[in-house]
Protein chains: 2
Amino acid sequence: MKYTNRRIASLLRQKGFKLTPQRRAVLDIICSSTEHFTPVQIYERARQEHPDVGLVTVYRTLNMLAALGLLCQVHMDGRKRSYVMRRPAEHHHHLVCSQCGTVVDFASCDLGELEEKLSRQTGFEINGHLLEFSGCCQECKQK
Amino acid sequence: MKYTNRRIASLLRQKGFKLTPQRRAVLDIICSSTEHFTPVQIYERARQEHPDVGLVTVYRTLNMLAALGLLCQVHMDGRKRSYVMRRPAEHHHHLVCSQCGTVVDFASCDLGELEEKLSRQTGFEINGHLLEFSGCCQECKQK
DNA sequence: CTTGTAGTTGAAAATGTCTTTCATTTATCA
DNA sequence: TGATAAATGAAAGACATTTTCAACTACAAG
Ligand SMILES: [Zn+2]
Ligand SMILES: [Zn+2]
Ligand SMILES: [Zn+2]
Ligand SMILES: [Zn+2]
């Protein structure tokens, strides 16, 4: 079940945030695709519809959404941030096409056993993990 | 089996790189521990022994080593780079203490099956993965 | 042991990403 | 219809990293 921009809009209102046209523009872009975008890419797209959004506001909106747990970030390749809209609360990970940026979520993550083993072996108290696959999607393969 | 600074030194020579005192200083630091360092941390340590290395050179040396596949990076927490010397060719991943930065390598990574499943389900040609655990190491827990 | 030279260096400037500041504007609600 | 707290854009700031360039040096050929 996917967040829609409408659902998020009402969620924001609930939390006491104002729903400005700029925020709407960012939401529309993020919700419209499974690609991941960098803040600058979102900025550029947002300006097409709404020429006076500032990059600063894009950053602020992204930070707000991230704080609310509504975004995930993609980590592989590069040290820029890139964001994807998040499916609600479920633990999940990403499979990313390194050509076109499409992100597929998957939930099957059997790392519990490995985590326990590592914990036993090292004495670490493990409290999180990062798992990402990268590759080339079907469409990109055909080119 | 761990890379030693001596082994790397001869490897660099083989590849036609000059072995300067600055590069030696960076190598010594990276090879001397399993901690991961940021470029600036390496710079600061290097200056203790060799006061006229520049930060630029540290960056250049790190990039050179990374291009040769001799370094791993740690991805979690933050968007600074941090580097650890890499054990030769073996596939491995990192368990990172988010307090003190200690990195433990582990090789047991059973993602093949999951990878195949994802590949079948999505049509992706998967060519890599990123796996990292983070937590708190034994020593840090006691504080 | 010279000496030539391609590769290397450091300082400073440039780039790129993200955040802070602040005066002005605006969404929301009593 | 205001009142007001929140949000905005421009500009400046903070960092991490890269580029540029003139001076330097490791190293091998003579
Ligand atoms: Zn997981
Ligand atoms: Zn693709
Ligand atoms: Zn490693
Ligand atoms: Zn693996």
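Order of the sequence lines sets the chain letters (A, B, ...), proteins ahead of strands, with each chain counted from 1. Owing to the predicted nature of the structure, the values given are computational and were not obtained by experimental measurement.
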State whether [X] places a side-chain N or O below 4.0 Å from either non-bridging phosphate oxygen (OP1 or OP2) of [N].
{"X": "Q22(A)", "N": "dG9(D)", "value": "yes"}
{"X": "R13(A)", "N": "dA27(C)", "value": "no"}
{"X": "N63(A)", "N": "dC18(C)", "value": "no"}
{"X": "T20(A)", "N": "dT8(D)", "value": "yes"}

Legend entry - Whichever of K18(B) and P39(B) has its nearest DNA chain D nucleotide further upstream toward 5': P39(B)
Legend entry - First encountered from the 5' end of DNA chain D, between V56(B) and P21(B): V56(B)
Inset, instruction - Looking only at side-chain atoms of Y59(A), point me to the closest of dG9(D), dA7(D), dT17(C). - result: dT17(C)
Inset, instruction - Indicate, with a heavy-atom threshold strictly under 4.0 Å, whether V40(B) touches base, sugar-phosphate, or nothing. - result: nothing
Inset, instruction - Give L19(B) one of three labels, base, sugar-phosphate or nothing, depending on what nucleic acid heavy atoms sit under 4.0 Å from its own. - result: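 Sugar-phosphate contact only.
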Legend entry - Sub-6.0 Å ring centroid separation between Y59(A) and Y43(A):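 Ring centres of Y43(A) and Y59(A) not closer than 6.0 Å.
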Inset, instruction - Would you confirm whether the ring centroid of H93(A) sits within less than 6.0 angstrom of the ring centroid of H129(A)? - result: yes
Using whole Å, what does the distance between atom [atom2] of nucleotide [N] and atom [atom1] of [X] come to?
{"X": "Y43(A)", "N": "dT17(C)", "atom1": "OH", "atom2": "P", "answer": "13 Å"}
{"X": "R23(B)", "N": "dC24(D)", "atom1": "CZ", "atom2": "P", "answer": "19 Å"}
{"X": "E44(A)", "N": "dT17(C)", "atom1": "CD", "atom2": "P", "answer": "10 Å"}
{"X": "L12(A)", "N": "dT26(C)", "atom1": "CG", "atom2": "P", "answer": "20 Å"}
{"X": "L65(B)", "N": "dT8(C)", "atom1": "CG", "atom2": "P", "answer": "12 Å"}
{"X": "Q41(B)", "N": "dA16(D)", "atom1": "CD", "atom2": "P", "answer": "11 Å"}
{"X": "Q73(A)", "N": "dT17(C)", "atom1": "CD", "atom2": "C1'", "answer": "13 Å"}
{"X": "I42(B)", "N": "dA16(D)", "atom1": "CD1", "atom2": "C1'", "answer": "14 Å"}

Inset, instruction - Using modelled atom types only, decide if a donor and an acceptor are shared between the side chain of E49(B) and the backbone of A46(B) within a distance under 3.5 Å. - result: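 Not at all, since once roles are kept as given, no pair shorter than 3.5 Å links the two residues.
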Legend entry - Which residue lies more 5' along DNA chain C, comparing F17(A) with R60(B) via nearest heavy atoms: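 Looking at the nearest nucleotide for each, R60(B) comes out on the 5' side.
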Inset, instruction - Might you work through the side chain to side chain contact (heavy atoms under 4.5 Å, CB included) test for L118(A) and F106(B), ending with a clear yes or no? - result: CA-CA 8 Å; L118(A) 286 174; F106(B) 63 92; 3.7 Å; yes
Legend entry - D110(B) atom CG: more than 12 heavy-atom contacts under 6.0 Å: no
